[in-house]
Amino acid sequence: MDWTRHLLIVPILLPLITGAALLLIDELRHTLKAFLSIASGVLLLVTAIALMRLADGVVDGGGALSSSYALANWPAPFAIVLVLDRLSALMLALVSTLAVAALVFSTARWDRAGPHFHTLFQFMLMGLGGAFLTGDLFNLFVFFEVTLAASYGLLLHGSGAFRVRAGLHYIAINLAASLLFLIGVSLIYGTAGTLNMADLAVRLPGLSAEDRALLHTGAAILGIAFLVKAGMWPLCFWLPSAYMAAAAPVAAIFVVLTKVGTYVLLRLSLLLFAPEAGATAGFGGTVLLWGGMATILFATSGVLSSQALGRLAGFSVLISSGTLLAAVGIGNTAVVSGALFYLVSSSLSVAAFFLLIELVERTREPAADVLSVTMEAYGDETDEREEHEDQEVGVTVPGALAILSVSFGCVALLLAGLPPLSGFIAKFAMLTGLLNPDGLGSVAEISGRIWLLVAVVILSGLATLVAMMRSGVRIFWAPLEELVPRVVMVEVAPIVALLALCAVLAVWGGPMLSYTEAAARSLHAPSSYIQSVLGTGHPPGGAR
Amino acid sequence: MTAAILLWSVTAAQAMLVAAMGCYAYRVIRGPRAQDRVLCLDAMYVTAMLLVLTIGIRSGSAIYFEAALIIAVLGFVSSIALAKFLMRGEVIE
Amino acid sequence: MELTLAIAIGVLTGSGVWLVLRPRTYQLVIGLSLLAYAVNLFIFSMGRLRVGAAPVLGPGGAGDPAALADPVPQALVLTAIVIGFATTALLLVVLLVARGLTRNDHVDGREPN
Amino acid sequence: MELSPLLLILILPFVASLAVVLSPGASREPVTWITGLTLLACLIVTLSLYPSVSGGDALRLQIDWIPSLGLNFTLRMDGFAWIFAALVSGIGLLVVMYARYYMSADDPVRRFYLFFLAFTGSMLGVVLSGNLVLLVVFWELTSIFSFLLIGYWQQSQAARDGARMAMTVTGMGGLALLGGVLIVGHIVGSYDLDDALRSGNLIRSHSLYVPALLLILLGTLTKSAQFPFHFWLPNAMAAPTPVSAFLHSATMVKAGVFLMARLWPVLSGTPEWFMILGIAGMTSFVLGAYLAMFQNDLKGLLAYSTISHLGLITLLLSLGSPLAAGAAIFHMLNHATFKASLFMAAGIIDHETGTRDMRRISGLFRYMPITGTLAMVACAAMAGVPLLNGFLSKEMFFAEAVETHADSWLDTAAPYAAVLGSALAVTYSLRLIHSIFLGTPPESFPREPHEPPFWMRFPVMFLVVACLVVGIMPAQTIGPFLHVAVSSVLGGAAPEYSLALWHGFNLPLAMSIVALVAGVLLYRVAGDYLERSERPPLFGRIQGQRIFERVMVAISWRWAHLFEGAFGTNRLQPQMRLLVAVAVAAGAVPLLASGLSFGPLGNGPTDFAFTGLWSVGMICAVAAAYQAKFHRLAALALLGGTGLVTCLTFVWLSAPDLAATQLVVEIVTTVLILLGLRWLPKRSLDVPEPGGWRPRLRRFRDLAIAVVAGLGMTAISYAVMTRTPPDSIAKFFVEKAYSEGGGLNVVNVILVDFRGFDTLGEITVLAVVALTVFALLRRFRPAPDSIERPEQQRIQRSNDEAEPDTEVGATKAEYLYVPSVIMQWMFPVVIVLAAYLFLRGHDAPGGGFAAGVAMAAGFILQYMAAGTVWVEDRLRILPVAWIGGGLLLAAFTGAASMLLGDSFLTSYFRYLELPIVGKVPLASATLFDLGVFGVVVGATVLMLIAIAHQSIRRLRAARLEEERQRWN
Amino acid sequence: MNRLLPYPLLTAALLLMWLLLTSFSTGQFLVGTAVAIGASRAMAALHPSKPRLRRWQLLPKLLGIVTLDILRSNIAVASIIIRGDRRDRVAGFVAIPLDLRDKTALAVLACIVTSTPGTAWVEYAPESGVLLLHVLDLADEAEWIAVIKNRYEALLMDIFE
Amino acid sequence: MTHAENLPAWASLLTAFLVLLGSGLTLLGAIGTLRFRRFFERVHAPTLGTSWGTGAIALASIVCFSALGSRPVVHELLIGVFMIVTTPVTLMLLARAALYRDRTEGNREAPPRSLLRRTHGG
Ligand code: NA
Ligand code: NA
């Protein structure tokens, strides 16, 4: 019996079971809950790495591998399938890395700021795992909803006026977007008669022109839903406040949320609207490119005009989103490969930033923080026994300030894309890919829009540098009073670990980039994906 | 022949029930007072249940019965909630 | 019948969109609920309309797929109903809490000046 | 891997900086020694490599980094790199010696040496990089560490601003450089320096040459503080003097000219190169010297002089002649020597007198004659006085200035500018000497000055001696090294030049004399004026720094704000509007492109009842939209009406499962919203509707959007409904539902079997939302206006009080007296109904979800009948456990199939033949559905009861609010 | 017995409901019994007031009377609606002092009164036992009091008390 | 509606009659809510639908399905029973709420609370 086959379900099943089991444990047993939750996160990380190796290890003729898992033993286009390829494995690894970091961080205080933190977190991981693995459009909707529902809970975790106000917007917008998702999926089903992505790719060319137009309408509406999640201008205004309002570990894992939208856009656009799809494919690409650039520009202005660090970080998320969207819009292998590297690097660094912000802000106004929390600590009798939010967290650690400031500096470099950390490698890889689509040394005409993108990407880095420097100097160099960093080890360690990972990514940029390159190549050759889902005999583009 | 009569009478019955729903809807919209709205919404539920039964008769299938049963057993829950809200300003005290 | 339903979907969508663009949180809740109806009907309509052809098989599993309504959109609508119910509840509670914290029922938590 | 000496030079400083971080204790001695010895080691290793590079070869080391992108860790040392490496480590070593005495005991020296070492390493990296991208990496690192060094005294505003400005300008330049390097890489097909150096013609003839040049020069000119980017440098003087001595003599600013020299064979020789560098260099040369004259701050003077001298180098490089390039390289070395010594001398003066303001210092010679002598010699070198190294390179400069290189006005102007700049240099050098060392000492110094310790003076002395030695016998000292450097830059084709003090009486010498005399005269005439002036008469008001700050504030703050405000919003309504509009547009584009067509099926048989039904439904919907603002209850009722019509539609159109589920959900949702309505106080009608045309226009626009969205949905749904259905996956489900899924109700089989995975996710959503609601409500604090009992209850209470024969609460008890009996008796009925719906689901409409909601409705009914306290006295529902248990049951049922080797969620069913009872169907999907049931019951009850509980908590909230009022 | 079957009559009724809903087969009988027992035990958890049916054989009689009365009232109200709102019809409230005290019996009375078109249960004061009824066509107040008290209350008291 | 042809004539006609009766009564009730001027009159109108309206249509269903399946199908009885049991609850609560509102608003037509004190009879 081939047990590795079942590895594909683990990223969904493990957090589900953990989350559900945590519900049955008494709320007072924090340590046990945290331990189980982190253990699940670590196991998830191990699984994700195993999946990455699995996806990278066995290579079929096309140089790309994907394997599928048909749920409930039904044959493929009818059953819901999970599909593993390098991209999904990479996303899983990223998610679980951030999850472990955020979970460890949360044990300092956030996991007790409200009930069922760990359960919500696990369910969010489940949703993300499902969204990355599923090969079925409607199932994707379901896992999007799982992710979103958990994100609502996590965003509101800890309550408070600002959080609730931001949460209201976040929820309202995402509910509307979910409705668009449903419209899109059902329209696709209504015209093509299937929900399976691979099957859809096979059926598409056989559709009549009128049906295809309707299906494209569905796809476009679907795309809007993803763009809301990915945070493309002008659908992104909810994002900075929401991310700023979220508790630090929550914001850290939220960083991946925008990436889910990008992931799906990348996956679907290359699977369904591969270059041969004609006009519509080009149109989608154009929208992504220009929208991405507009997002970068808007977010850049946001980064510059942000006074609060949380807001700045929120706009950084948008910059990274815009960059990814534009890269997806360009769509060639080299750029996508760089973009995937960028995705990982920027996620790690923004997550580290969100975690760091909490410590920095606490350093700055130790009293105000406590005050704002106690003001909200209204509730019934059960509140007092488990919610120690008003407790002072952490102790004064010698050298903590140095660690915080060095971390801040690293984050600044990462976000601005300055050397020597992975942020630079990521941008460089993308820019090189933009200018040399077929590899260094090949002759290629560079269009104006690409130059524009190069300029926008570089300028956004500069703006980030200016903004980060402004904040960093204000915080670390010009303190109004003596800085008293009160932190605990479990808070500092995840930040340092994430940043160290960025450094490792920079040093081992070569292997990592060859992985992303292989991932990008297989995305551009959907036949392997289709075959792994439907079996052989389904040539891409061939009607049955 | 009798089949036609049945068909026509069921169709007519459905039309009448829909008309009844229209009347109730008018009251729900126009009120004038909240109690009128609640009363007529409740009546709409009942009428809807009757409509479900006629659809069942028309299709000759018993599978629509559950819907009717749910209205009969649970339909009053929301009406009670509305009525209680009117009386006490609070549904559960 | 198709036309009736299509118009109904349009009217529900229009009413919902109108409400979703309004400033009060309660309008938002009602608007999203209306939109949810519209979308559920839309999904449902993607399976085409059939009268008296519920996808329930006869005894022994008898049933001609062509003679029965498409069960897939129905299953999708069921999931959508559940999720819609959950999110309506959530939105409602969030607006209550927001109302409590901001003392205001504007969607932005403060009256525009 | 063998540790290459090249690698060693590069990593030693970084390793040492780590050692500095980890060194124990706060003592300054160990870290100073670590730093000094490291630099010494770098210097020795560098010097030892001379034989390998003196032959004109380059040492190379390549470690693969990201080969696919052409980015490798390539180190490359030729003569030019060698001489720079030696310069950097040598002057670094001297500066460390100096800093040992300069830095005060209060300064956190560990941080200083940490940054210093890292900076040195980065600078060595720039010098030794054999890959252009790697060079950019180290380039940016020098910016970063110089930022940290300049801002070392972070408590000072000037240090913070200076550091920020330096970082902003050079960081911007670095990014431009990256852009330029990317283009060069695109043209050459490689980022390798050797490849680039070989491709000069290719690059210069490429259409992208100009952008590449512009970007690269943007990088180098900012780094070298050349006009118009010169303004950051004077502000960087807020750094500790050892930093200035290092950064502004041998390193930071030199990186720019270093790179221009490095790429000279590739980029130079074109009119663009000539014009850009010529203008920048000439302007910097003259303007820097001019502004230097007026500086009252000693370090300020040196800073502007640095700008001026680097302008000279840039100008030389611009000329495009090999001889000029050689002169440029020579001047780089000379400038490093005398400027480093001068900075250190300035530091000594500052250290000893406590001020750097030249107006407050004079006659210092008598207090510190040795230092004074050294400084005066270095000044003379700076002024280009014969017998000193500065004179030699200046002579070469004059010689090149008079040559015609690219017939243009620049060429014509060059000799005059050269003389003018040199004369001004003489003036400011004289001013420095005169103002500080000569004249009568003031009444009092902030501190009584005296000679510094020997080892603090030693670096200055060493460098001044070097100036002298090179100045007197250039050919015998610097000559061979310079030759190696120049020829490595020029690619073996080193020009013939003679390094000698005396070339005979020629034009350059005449120019030198003119400049010297003019400079002295100028000082005689204007010396006093310079000493008194606050700011230069010309250009004094145009301060690059202030302009820069203005621009930065405008762009990075004000404009950014405006931009963000103009293209973004924090309000929900515009966001929603945009979302709808964008979605409508996105949906319309494909249809507009190829036209919307309706299918052949057309509008099926018209059923008037159905049409009538939807007339009711639509009217309800529109009315709900209309009423939602002021009449919440009416809107809710109307919403219920629409929902009811939707349910009926499902019944009508063959979807009994949907109808059943929608009905129960409808009922529970109504209760839910009503529970919430209690906390939304009445909307006061007296808030005036905003009048005027703008709100009306806004409403009209919203209406238009709503109408368009509605029309769009109508159009696409009608288009699909009238089409012949595609060959869909549904067929499979219908065929296999009974034979392989074991159920007659295809929809239910899809839910629990074919697509059970969706259902698993769906119940998770429900669970998550319920937990969220629960969590949120635990912190719920009602608005003050809804803390009170509802109006009805207050009235009823007061009535109860007023009535003679009733107690308080009688009304409440009485009005439910009879109804509650019925409500309670319905409880078991609801349970049976739920069980019925659940068990029937697989074969007929129903299933876990509908059953769960029905069950929950049963519980709610009891809460309504008798109140929270009463029910919870009798029933312990534990909804969270229901949720957790349900999820686990569903998950484990699914996982169980994995034990049998099947996929997750595979279901099994068989008929069991039991005595008496007969055939009993057993399906594992039922267990799964039971999990669904559990989650649904738990989640629904949890949500509703959590809201209901607020009414009990109300009292507590009221008390807290009262307390709050008292405190405020 | 009491612990397992706290409300035998209820259990039986629920079982009957189950069998009506499904089918009268052995299997369903077993399942129905289980469900009915479970449901009635859940009911027991609420500790409702336990009605005692003293003479349940009178129930069919009650049912018959009520069915006929409702039919008659249907016709009466329908004709009122058809004829329109005439001046000579007087609608109004009637206060009826009841002797019936059993809550369940009162609930049954409420069902009867309310299900009968033309009469509406408006208010009941438990301590005085007075019922306020609204009558659509209130020709004779005393007659209504008599009808309620003699036709229904007496019978209900026979059955329940 | 092909199944109708399998119905015996008596069943068809009976079903048709009952269905028309029930829906007619229901419609009349609905019209009543439009016609009556006061709330307490309108309360009576929907009961036409909940009593014999429901009864007739449920009976129609019973007749139809019993005749179709040639065996008694009586589960519609449950609908009638639950209708009779549950409708009063809403109406009682509503009427009470309306009465209370009338009283607090000082509506003269509202019967005073004093009516409920036991003044006569016993
Ligand atoms: Na009812
Ligand atoms: Na009545």
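The analysis underlying the following values was restricted to heavy atoms, covering all of them including side chains, and did not include hydrogens, waters or symmetry mates. In what follows, every chain begins at residue 1, and chains take the letters A, B, ... in the order their sequences are listed.
Heavy atoms closer than 4.5 Å to chain A are found nowhere in D/Met721, neither backbone nor side chain. With a 4.5 Å cut-off on non-hydrogen atoms, A/Leu462 touches chain D through its backbone and its side chain both. For a residue to count as touching a neighbouring chain, one of its non-hydrogen atoms must lie under 4.5 Å from one of that chain's; by this rule A/Met124 does not touch chain D. For chain A, no part of D/Ile750 is nearby; none of its heavy atoms comes within less than 4.5 Å. Using a 4.5 Å cut-off between heavy atoms, A/Ser306 touches chain D through its backbone atoms (N, CA, C, O) alone. Looking at D/Ala730, both its backbone and its side chain come within 4.5 Å of chain A, counting heavy atoms on both sides. Only the side chain of A/Leu180 comes within contact range of chain D, with at least one heavy atom under 4.5 Å from a heavy atom of that chain. Both the backbone and the side chain of A/Ala429 come within less than 4.5 Å of a heavy atom of chain D. For A/Leu16, the part lying under 4.5 angstrom from a heavy atom of chain D is the side chain only. Heavy atoms closer than 4.5 Å to chain A are found in the side chain of D/Ser597, but not in its backbone. D/Leu178 touches chain A through its side chain: at least one heavy atom from C-beta onward sits under 4.5 Å away, while N, CA, C and O do not. Only the side chain of A/Ile224 comes within contact range of chain D, judged by heavy atoms closer than 4.5 Å. For D/Arg164, the parts lying near chain A are the backbone and the side chain together; criterion is any non-hydrogen pair under 4.5 Å. At a 4.5 Å heavy-atom cutoff, the contact between A/Ile458 and chain D is made by backbone and side-chain atoms alike. At a 4.5 Å heavy-atom cutoff, the contact between D/Leu596 and chain A is made by side-chain atoms alone. For D/Phe138, no part lies under 4.5 angstrom from a heavy atom of chain A. Both the backbone and the side chain of A/Leu195 have a heavy atom closer than 4.5 Å to some heavy atom of chain D. Heavy atoms closer than 4.5 Å to chain A are found nowhere in D/Phe73, neither backbone nor side chain. Contacts of A/Val466 with chain D are made by side-chain atoms alone, with heavy-atom separations under 4.5 Å and no backbone atom involved. For D/Arg558, no part sits under 4.5 Å from any heavy atom of chain A, backbone or side chain. For A/Leu22, no part lies near chain D; criterion is any non-hydrogen pair under 4.5 Å. Within the 4.5 angstrom heavy-atom criterion, only side-chain atoms of D/Ser594, from C-beta onward, approach chain A. Using a 4.5 Å cut-off between heavy atoms, A/His116 touches chain D through its side chain atoms alone. When heavy atoms are compared at a cutoff of 4.5 Å, A/Asn196 does not approach chain D at all. Only the side chain of A/Leu418 has a heavy atom closer than 4.5 Å to any heavy atom of chain D.
Taking every heavy atom of both residues into account, D/Met167 and D/Ile144 meet most closely at CE-CG1, 3.8 Å.
For the set D/Asp758, D/Val137, D/Leu771, D/Val768, the count of heavy-atom pairs under 4.5 angstrom toward chain A peaks at D/Asp758. Heavy-atom pairs under 4.5 Å with chain A peak, among D/Leu175, D/Val720, D/Leu905, at D/Leu175. When D/Thr764, D/Ile183, D/Leu887 are compared by the number of non-hydrogen pairs under 4.5 Å with chain A, D/Thr764 comes out ahead. Per-residue heavy-atom pair counts under 4.5 Å with chain A were compared for D/Gly587, D/Ser556, D/Ser728, and the maximum is reached by D/Ser556.
Counted by atom type alone, A/Thr191 and A/Asp211 present zero donor-acceptor pairs between their side chains at under 3.5 Å.
The salt bridge (Lys or Arg N to Asp or Glu O under 4.0 Å) search around D/Glu140 returns none, not counting sequence neighbours. Under the salt bridge (Lys or Arg N to Asp or Glu O under 4.0 Å) criterion, D/Glu740 pairs with D/Lys736, sequence neighbours left out.
A distance of 6.0 Å or more separates the ring centres of A/Phe298 and D/Phe567.
Using a 4.5 Å heavy-atom cutoff, the side chains of A/Leu214 and D/Arg723 are in contact.
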